[in-house]
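Right, one structure below, let's go through it.
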Amino acid sequence: MSKFAEVIIDIAYNKLDRPFTYRVPERMQQVLQPGSLVMVPFGTHNGIRKGYVIALKDTCDLPPEKIKEIAELPVSDSGYSEDEDGATAIGLAAWMKNRYGSTMAAALKTVLTSRKPGKPVRTREIELKLPREEALAQLDVYTRKHQVARERLLWELLEVPRLPYSLVVSKLHVTAQTIRAMAAAGVIDVTEEESFRNPVTFKKAEAAHRELSGAQKAIVDGVLADFDAGRSTVSLIHGITGSGKTEVYISIIRGICARGRKAIMLIPEIALTYQTLLRFYQYFGEKVSVMNSSLSESEKADQWERARRGEIDVIIGPRSALFTPFSDLGVIVIDEEHEGSYKNESMPKYHTREVAQELARRKNACVVLGSATPSLDTYYKAEHGEYRLYKLTERLTGGTLPDVEIADLRQELRNGNRSILSEQLQSLLEDRLARKEQAILFLNRRGIAGFVSCRSCGTVIKCPHCEVSLSLHKNGRLVCHYCGYERPGVRECPECGSPYISGFRAGTEQIEEHLKMRFPGARVLRLDADTTSKKGSYDRILSAFANREADFLVGTQMIVKGHDFPGVTLVGILLADLSLYAGDYRAAERTFQLLTQAAGRAGRGDTPGRVVIQTYQPENYAVQYAAAQDYEGFYREEMRYRSLLMYPPAAHMLCVQLQSMDEDKAEGLAGQLRELFVRDDPNSLVIGPAQASLSRIRDQYRYVLYIKDENYDKLVRCKDRAEAFLAYLVKIGRDPQVQVQFDFDPVSPF
Ligand code: ADP
Ligand code: ZN
Ligand code: ZN
């Protein structure tokens, strides 16, 4: 029955990022809650703006004539099911604002889920229409005609007679056109109903019950014991692909649901396979809901509405599913926890792992992380006892790990081979063609930073202060994107004197052309940002490859994740050096993860796969440990480097990011902030300012400034100090006209 509401206006303007008081009209007094969305008059012209209620109160010190009234509620049914949930969400937003540096409005926007009233959802399913005998006969026909996509779908329908349409299209890579043709032929039925319910109406099947292995059971028991004891712990499951992690997640989630609580299962969308989704449907039936990017806003709102009402037990989705409004959350699982997509790259620049931990703490829930190649941050915490560490070491799928070999491109050059394909890789490709098997060629390019390396000896030109590779700029100079160190370009290698020193320019397109030239009979597909810019083209290319319409697939990192192509028996990594020298401190870690995962793509079927890693630096530890599939070895060596240079997780690092149309203003403010930090603490480790790795985007000049410290809170204070300084400049009428953002323990270069 509160009469006044504190409202944060949804506006991207730091100066207005504080609560404003509004009067609550009588008709809203019953429904308004912390977390409610409201429309309010704002500013001198009383334009109507969206706002978030963060608190309600009965009294107010302001003179009554100064208080405006809330205009309306944007929706009929709003608010969390419990007051307390709204308060938790607001508390979490405040925590994020403080920890990551952001406006309260942006943090609230992230945390408070959209709650438009749901329009009815159209639920589409695919059903097998033929009796089993006839279906088997039809399967034979498809096989004979090499209609691979039809064969695949029918095969799956014989296993599970009713499948969600979206699952078939997105994960089985069967196109809408094929589905229509099969329906027209009377093999399948596509049903569609309007309902306000789960887009997935998969009937809960009696899933094959699997006896957990001893190691799996120990993890499930351990996590549930923590949960029962009321300890909000974080557990890491370190286990290679196929070691049974997903089975463990499912068992833990079942345990939590049996205790009347709910589960959030986060997984990078691209890594979510057909089999995994099917297993969840089989265990949880209508109680599981899947969020993906193809859901419309109102479909998402429907999912959230169902969660709020307690109709679902498990939600599976990407980063944003973390904010599903479950009032009795019990566990958050983060699969492939090392994935870069768990870092939000817009304000607030949060790490999903950290927010999950904080949310779990507030809800008295548990967090479970899983990966074959855990991020260094996570493994470091596990080693230091902050997280529990569990290991799964055996592959339950059978199938041997692929043979990994390293091709030394320096040797190739000495032998007179200047092409992008080593002799080794060429002969293996020839061999696949002859045996009608498939190959994936992978260019681990990270867009921007062009490093300079020697093709004779592999030497890379690095910053003498930061131990990261220097980037080649258009003016020919070499620049460090941490500290700003610069030097002229080089004509010959400082180590061996070779003239073959240069940036690397080949892209996927050139490689595609080269392949077509070298193997005139081969069918080549390319998957990269260019070929997938049109909607649906990504799925189309992958389904064509899955249908064996091509022999070779060339692509960027998009192709490494989660795809299971049984026909692939060879994976080539064209140049490991590309991601190794991306010019930031996480480059080796990312390379190790990419190489290990790419290797995991080969030979998932019965034939053992082959992997070739091409590089100018075969002795590099990330390459060596990836080839040996030795995570621990890599971790130790990489931590030595991080400790020496105080990079996370050995210490923490704050990146202050400055952008302005006026280059001098951006650089000038960066310098002022540097002085400010050094004046506060002469011992502080301030690095830069330097030009950002993307030094100019849409006419905005970009600068960075880094501070390192072992103590995270000290960096938060630096951020607070910078914010206060900016506010002060504005107040005295000297607005620097520079946009400033903060990124703690950055994951990718700015
Ligand atoms: P990960 O998530 O680590 O890749 P999964 O949980 O998907 O591993 O398991 C890999 C394969 O092993 C799956 O086919 C799964 O069905 C099977 N599997 C998992 N646990 C068991 C078990 N306890 N007994 C038999 N098969 C299992
Ligand atoms: Zn050299
Ligand atoms: Zn440097």
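Atoms within each ligand, like the ligands themselves, are counted from 1 in listed order. For the numbers below, each heavy atom of this structure counts, side chains included, while hydrogens, waters and symmetry mates do not.
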Side chain to side chain, L578 and F451, heavy atoms closer than 4.5 Å: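 When only atoms from C-beta onward are counted, F451 and L578 do touch, with a gap below 4.5 Å.
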
Under 4.0 Å from a heavy atom of [X]: give me the atoms of ligand 1 that qualify, with their elements.
X: S213; answer: 23 (N)
X: L212; answer: 23 (N)
X: T241; answer: 4 (O)
X: I240; answer: 3 (O)

Ligand 1 contacted by L392 (non-hydrogen, < 4.0 Å):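 Under 4.0 Å: no for L392.
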
contact_flag G242 ligand 1 heavy-atom lt 4.0 Å: yes

Inter-residue atom distance Y585.OH - L645.CG, 0.5 Å rounding: 12.0 Å

Proximity winner for atom 22 (C) of ligand 1, if only heavy atoms of E211, E336, E247 are counted: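 Of the listed residues, E211 has the closest heavy atom.
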
Shortest non-hydrogen separation from Q691 to V704 and the atoms involved: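 Scanning both residues completely, I find the closest heavy atoms to be O-CG2, 4.2 Å.
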
Is the closest basic N to carboxylate O distance between [X] and [Y] below 4.0 Å?
X: R279; Y: E247; value: yes
X: R642; Y: E638; value: yes
X: E339; Y: R319; value: no

R279 N/O to ligand 1 N/O under 3.5 Å: yes

Aromatic plane relationship, Y621 with Y625 - under 30° parallel, 30 to 60° tilted, over 60° perpendicular: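 Plane angle over 60°, so perpendicular.
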
Metal-centred angle, the Zn ion (ligand 2) as apex - SG of C457, SG of C454, 10° resolution: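 Result: 110°, to 10°.
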
Vertex the Zn ion (ligand 3), arms to C463 SG and C466 SG, rounded to 10°: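 Seen from the Zn ion (ligand 3), SG and SG are separated by roughly 110°.
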
For ligand 1, the portion of T276 having any non-hydrogen atom under 4.0 Å away: neither

Ligand 1-proximal atoms of S243, by part, heavy-atom distance under 4.0 Å: both

E710 atom CD, over 12 foreign heavy atoms within 6.0 Å: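 No - once you tally the heavy atoms of other residues, nucleotides and ligands closer than 6.0 Å, there are 12 at most.
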
Within 6.0 angstrom of Y500 OH, more than 12 heavy atoms from elsewhere: no

The Zn ion (ligand 3) reached by C483 (N, O or S, under 2.8 Å): yes

